[in-house]
Amino acid sequence: MSKILKNIHSDLAFTNNLINWGKSFGRKNLPWNPSYGKKIDPYKVWLSEIMLQQTQFRTGVKYFERFIKHFPNVKNLAESEIETVLSFWSGLGYYARAKNMHKAAKIICSGGKVNFPKSASDWKKLPGIGFSTAAAISAFTVNEKQPIMDANVIRIVARQHKLIERIGSAKLQKKIFIICSKHLPKSNSDMPIYTQSIMDLGALICRPKEPLCDLCPVSECCLSFLEGKVGNYPVKKKKVFKNIKRVSWIIPHTQDSIALVQSKDSKLWENFWIPIEIQENNLIPKKACFLKRFKLPISNFIFDISVWGILCKRKNFEGGVRWFKNSNLNEKPIPSSVKKAISFL
DNA sequence: CTCCCGTCAC
DNA sequence: GTGACGGGAG
């Protein structure tokens, strides 16, 4: 048998085995899937794709439910204040996702009526939607045949084909695109189950660490598995040194309230409410009381934060702070790490 | 420590 | 084409 013919057969086997596995063992009853007989909602699919980027499924689902309850449709989202939107994203991180969704919702609703994109290339024009997300949304909503190439797929395909190019390189991207294009199911109507299955395979079986190759439906066409070298793929990016930033957080507080400032000058936590920040070598106010020091790894640097409290009799602290009742902090955009710092008070 | 992925600046 | 950036969870 020629090599090409063999490859076609293994591509076919890959897709069929994957879809059959997905039908039996993939995730079911996802909250963004339509109930029986209902049409799929592009807004929910879109939100789920954005929320589940960089976020574990279990965590994401809880936020998804809460978000949908408050913003049941795209018009609702478009007409809401950004601060409200951010407060429902608070704790998920990567807050640019929420800001971009809000912007995109306004675009979708501009012109007086709701106008969702009908193709991957149109989805991609919206802020916050890249190649992979656009393909996934259009696969689910209009059965468009586009290869999704999220981190799950990159991991699966790099292992299957022993790709040695580093994650993020243009070469790897190109190779995976070609391979994935061959994996696409014949029928457009199989795009949703195919897309869901490959994502589930990456999340449940072909995991970053400790992949469950014994349970994998496509291990027989996985070159790295056959050689016992699954751990070598995909080839990771070079590590970069993380700078450490020493800061002090000063939190004036009364019995029932705390004082925060709105982050404006920094891209990090922009528009979120955070403590007064003092650089390492500046003076800590005399009245401040040291509470705790903790490290907070951000993507490319490490925060080394000392938390100081100032107990106030009245809510009259200088410096543009706003006072918040402890009881309604949940309604405000506040990063998790700030909530953690507050818990030391 | 590692993992997630889209955007933007160069 | 490459790399910095961003946050939380495991």
Side-chain angles (χ1 to χ4, degrees), chain A residues 46-64 86-104 120 123-137 147-156 158-159 165-177 198-204 206-211 231-245 263 265-274 294-305 333-341 343:
Chain A
W46 171 33
L47 177 64
S48 73
E49 287 301 325
I50 300 296
M51 260 193 184
L52 266 52
Q53 292 169 1
Q54 291 103 355
T55 303
Q56 289 286 316
F57 179 81
R58 276 161 74 89
T59 317
V61 166
K62 281 182 255 163
Y63 279 83
F64 178 90
L86 291 179
S87 76
F88 278 82
W89 214 275
S90 168
L92 262 183
Y94 290 100
Y95 299 107
R97 295 183 291 173
K99 292 168 200 167
N100 285 331
M101 264 205 90
H102 190 233
K103 274 189 217 161
W123 275 105
K124 195 177 176 313
K125 290 175 190 158
L126 293 170
I129 296 179
F131 188 81
S132 165
T133 309
I137 297 173
I148 57 152
M149 289 173 48
D150 71 349
N152 286 320
V153 176
I154 289 169
R155 192 167 57 248
I156 292 166
R159 285 171 176 172
E165 293 80 8
R166 277 187 294 127
I167 290 178
S169 70
K171 262 191 172 171
L172 182 67
Q173 209 73 8
K174 200 176 259 174
K175 280 197 176 180
I176 292 187
F177 182 83
I198 200 161
M199 287 174 155
D200 289 349
L201 186 75
L204 304 172
C206 199
R207 309 182 294 194
K209 280 180 227 162
E210 300 173 52
N232 293 1
Y233 304 91
V235 178
K236 296 185 188 75
K237 281 186 195 164
K238 272 185 272 173
K239 263 186 258 179
V240 287
F241 177 77
K242 288 187 169 193
N243 283 310
I244 296 178
K245 279 191 202 171
S263 168
D265 306 328
S266 152
K267 280 280 186 198
L268 179 65
W269 300 324
E270 190 183 19
N271 290 324
F272 275 66
W273 293 92
I274 61 172
F294 70 102
K295 282 203 170 64
L296 176 69
I298 306 291
S299 311
N300 53 336
F301 66 93
I302 297 169
F303 253 132
D304 182 350
I305 302 167
I334 295 171
S336 301
S337 47
V338 174
K339 288 182 178 166
K340 179 177 169 181
S343 73

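Note that the structure is a prediction, hence the values are computed from the model and not measured. The sequence lines fix the lettering, A, B, ..., with proteins before strands; numbering per chain opens at 1.
- Between the CG atom of N243(A) and the P atom of dA4(C) there is a distance of 11 Å, given to the nearest Å.
- Closest of all the heavy-atom pairs between R155(A) and P208(A) is NE-N, 3.5 Å.
- Contact check for K242(A) versus N300(A): no side-chain heavy atoms found under the 4.5 Å cut-off.
- As a whole-Å value, the separation of Q173(A) CD from dT2(C) P is 11 Å.
- Distance I50(A) CD1 to dG6(B) C1': 9 Å, rounded to the nearest Å.
- Note: CD1 (I244(A)) to C1' (dC1(B)) measures 14 Å, nearest angstrom.
- Atom CZ of R155(A) is separated from atom P of dC3(B) by 9 Å (rounded to the nearest Å).
- One atom, CD of E49(A), and another, P of dG6(B), lie 9 Å apart when rounded to the nearest Å.
- When the options I302(A), V338(A), I305(A) are evaluated for a side chain to side chain contact (heavy atoms under 4.5 Å, CB included) with L296(A), the one that passes is I305(A).
- At whole-Å resolution of the value, NZ in K125(A) and P in dG6(B) are 18 Å apart.
- Nearest heavy atom pair, residue K103(A) against residue P127(A), reads CB-CG, 3.9 Å.
- In this structure, Y233(A) places its OH atom 21 Å from C1' of dC3(B), rounding to the nearest Å.
- The aromatic ring centroids of F88(A) and Y63(A) lie 6.0 Å or more from each other.
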Worksheet item: For every nucleotide of nucleotides 5-10 of chain C, 5' to 3': is a protein heavy atom under 4.0 Å from its base (B), only from its sugar-phosphate (S), or from neither (-)?
Response: SBBS--
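- Closest to the side chain of R166(A), from the set dC3(B), dG6(B), dG3(C), is dG3(C).
- Residue contacts for R207(A): at a heavy-atom cut-off of 4.0 Å it reaches no nucleic acid atom on any strand shown.
- Between M199(A) and D150(A) there is a side-chain heavy-atom pair separated by less than 4.5 Å.
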